Protein chains: 2
Amino acid sequence: MSNPSTLTTSLQKAGMRVTPQRVAICELLANSHEHPTAAMIYEELKPRFSSLSLATVYNTLDALVTLGAVNVLGHAGDDTVHYDADTEPHVNLACISCSRIIDIPSEHVTHLDAEITAASGYKLLGARVLYYGLCPECQKKQIEITRN
Amino acid sequence: MSNPSTLTTSLQKAGMRVTPQRVAICELLANSHEHPTAAMIYEELKPRFSSLSLATVYNTLDALVTLGAVNVLGHAGDDTVHYDADTEPHVNLACISCSRIIDIPSEHVTHLDAEITAASGYKLLGARVLYYGLCPECQKKQIEITRN
DNA sequence: TACAAATTTAGAATAATTATAAATAAAAGC
DNA sequence: GCTTTTATTTATAATTATTCTAAATTTGTA
């Protein structure tokens, strides 16, 4: 849950048009805790924009990522890339069985940005701090499967 | 550059056979700083194993990841997944233009594992601490392109 | 040596993502 | 307001990383 206008203004600053589709994608990203994939965004917006194309979703996501306004978390047990509009330093925790991603607050990540910039000379665009494993529920299921 | 036998023994412990192909894949992973992709591993080993199949590389990587012996870093500007045999806490830094990934030492990441395990109840299998941006060389190139 | 189980292989299949070209919408100039 | 230009969206085709499948091979065991 971050500020939707942060995303749209970053498009605007880059000289890109703020179209209804882009606004909707930005809002959905900003209001979501789900770390959605392109397909999830597409499905959620289809009812409102009946002619929406997946290509538009991908294009908008790419633009936001290149501008550093959205982070690419990568796969989470599925084959699809998850995105995160919350660029404040935090830890993402994925379950590779049910492919859900949750946020974990952490004091330590807040220092990484400065540390890396100082050490590397890179121009940082985003972060992917994602730990993965099995959530408590999927651990239970695994044990049940093993028993059979 | 980690210990190759760590990888092979983790396969062994899981009841899997330690075949020549798997040994070669483990050695390559352990001796590499390149954070290789499946295709890179395949190409490097092809000369030695003329009949090597990409499926074998993917299968072995999947097994190692599931066992927590290798980390999946995800995409790095290309469309291919990069792997890291160094599971000691550290920061990976990718350039999304040339798709190279380097390591950055960091005091802060060493604490994350414990912090996350304590807070979540997840069974952790791996970490993906990857920052991305533009390396110094690619920043120069970008500026040259912009000038034209 | 012979048997059973695991693994490798080659190639086909899948599906996420990207590219293309036409249609549409928005901005700028007049 | 109309025209021109440019950016964007859309639908669809193309690409390609990865997974699946079934046959062939290898390995471990007795």
Side-chain angles (χ1 to χ4, degrees), chain A residues 7-8 10-26 28 35-67 70 72-83 94 96-97 99, chain B residues 7-8 10-26 28 35-67 70 72-83 94 96-97 99:
Chain A
L7 300 182
T8 51
S10 72
L11 291 176
Q12 208 159 27
K13 278 185 193 167
M16 297 178 68
R17 290 181 186 163
V18 179
T19 66
Q21 291 92 333
R22 287 177 178 167
V23 171
I25 292 167
C26 290
L28 199 156
H35 310 83
T37 66
M40 287 163 73
I41 294 171
Y42 175 74
E43 290 303 331
E44 282 219 46
L45 295 181
K46 196 81 177 288
R48 275 213 282 149
F49 296 85
S50 56
S51 72
L52 183 68
S53 170
L54 253 175
T56 301
V57 178
Y58 278 107
N59 286 341
T60 306
L61 285 170
D62 277 358
L64 290 168
V65 168
T66 306
L67 295 169
V70 161
V72 193
L73 299 181
H75 298 175
D78 44 10
D79 296 334
T80 59
V81 173
H82 291 250
Y83 295 85
I96 61 169
S97 176
S99 301
Chain B
L7 299 182
T8 51
S10 72
L11 291 176
Q12 208 159 27
K13 278 185 191 168
M16 297 178 71
R17 289 182 184 161
V18 179
T19 65
Q21 291 92 333
R22 286 178 180 167
V23 171
I25 292 167
C26 290
L28 200 155
H35 310 82
T37 66
M40 288 164 72
I41 294 171
Y42 175 74
E43 290 303 331
E44 283 219 44
L45 295 181
K46 197 83 177 286
R48 275 212 284 148
F49 296 85
S50 56
S51 73
L52 183 68
S53 170
L54 253 176
T56 301
V57 178
Y58 278 109
N59 287 339
T60 306
L61 286 170
D62 277 358
L64 290 168
V65 168
T66 306
L67 295 169
V70 161
V72 193
L73 299 181
H75 298 175
D78 44 11
D79 296 335
T80 61
V81 173
H82 291 249
Y83 296 86
I96 60 170
S97 176
S99 301

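Just so it is clear, the structure is predicted and the values come from calculations on it, not from any experiment. Below, read A as the first sequence line, B as the second, and so on, with proteins coming before strands; counting in each chain starts at 1.
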Does any residue of residues 44-53 of chain B have a heavy atom under 4.0 Å from DNA chain C, and if so, which ones, in number order?
->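 Residues of residues 44-53 of chain B that come under 4.0 Å of DNA chain C are, in numerical order, B:Ser51, B:Leu52, B:Ser53.
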Qualifying side-chain hydrogen bond (donor to acceptor under 3.5 Å, both in side chains) pairs, either residue in residues 44-55 of chain B, two or more places apart = B:Tyr42-B:Lys46
With sequence neighbours left out, write down each residue that passes side chain to side chain contact (heavy atoms under 4.5 Å, CB included) with [X], or none if nothing qualifies.
X: B:Thr66; value: none
X: A:Ser10; value: A:Leu64, A:Leu67, A:Ala69
X: B:Glu43; value: none
X: A:Ile96; value: A:Tyr132, A:Leu134, B:Leu125

Measure [atom1]/[X] against [atom2]/[N] and give the value in whole Å, please.
X: A:Gln21; N: C:dA25; atom1: CD; atom2: P; value: 10 Å
X: B:Ile25; N: C:dT7; atom1: CD1; atom2: C1'; value: 12 Å
X: A:Tyr42; N: D:dT12; atom1: OH; atom2: P; value: 10 Å
X: B:Leu61; N: C:dT8; atom1: CG; atom2: P; value: 12 Å
X: A:Arg22; N: C:dT24; atom1: CZ; atom2: P; value: 19 Å
X: B:Asp62; N: C:dT8; atom1: CG; atom2: C1'; value: 15 Å
X: A:Gln12; N: D:dT8; atom1: CD; atom2: C1'; value: 16 Å

Which pairs, protein N/O on one side and nucleotides 16-18 of chain D N/O on the other, fall under 3.5 Å?
| residue | atom | partner | partner atom | Å |
| --- | --- | --- | --- | --- |
| D:dT18 | OP1 | B:Val81 | N | 3.2 |
| D:dT18 | OP2 | B:Tyr58 | OH | 2.4 |
| D:dT18 | O5' | B:Tyr58 | OH | 3.1 |

Partner set under side-chain hydrogen bond (donor to acceptor under 3.5 Å, both in side chains) for B:Tyr58, not counting sequence neighbours | none
Does A:Asp78 have any side-chain hydrogen bond (donor to acceptor under 3.5 Å, both in side chains) partners at least two apart in sequence or in another chain, and if so, which?
-> A:Thr80, A:His82
Using the C1' atoms of five pairs at each end, what's the angle between the two axes of the helix from C:dT1-D:dA30 to C:dC30-D:dG1, to 10 degrees?
-> 40°
[Y] side chain reached by [X] side chain, heavy atoms, under 4.5 Å:
X: B:Tyr83; Y: B:Leu73; value: no
X: B:Leu11; Y: B:Leu7; value: no
X: A:His75; Y: B:Val72; value: no

Hey, what do you get for CG (A:Leu61) to OG1 (A:Thr37), rounding to the nearest 0.5 Å?
->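 One gets 9.0 Å once the value is rounded to the nearest 0.5 Å.
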Taken to the nearest 0.5 Å, the spacing of A:Thr60 OG1 from A:Leu28 CG works out to 12.0 Å
Nucleotide by nucleotide, nucleotides 20-30 of chain D touches protein heavy atoms under 4.0 Å in the pattern (B base, S sugar-phosphate only, - none) B------BS--
Residues 15-25 of chain A, side-chain donor-acceptor partners within the protein, below 3.5 Å, at least two apart:
| residue | atom | partner | partner atom | Å |
| --- | --- | --- | --- | --- |
| A:Thr19 | OG1 | A:Arg22 | N | 3.3 |
| A:Arg22 | NH1 | A:Arg17 | O | 2.9 |

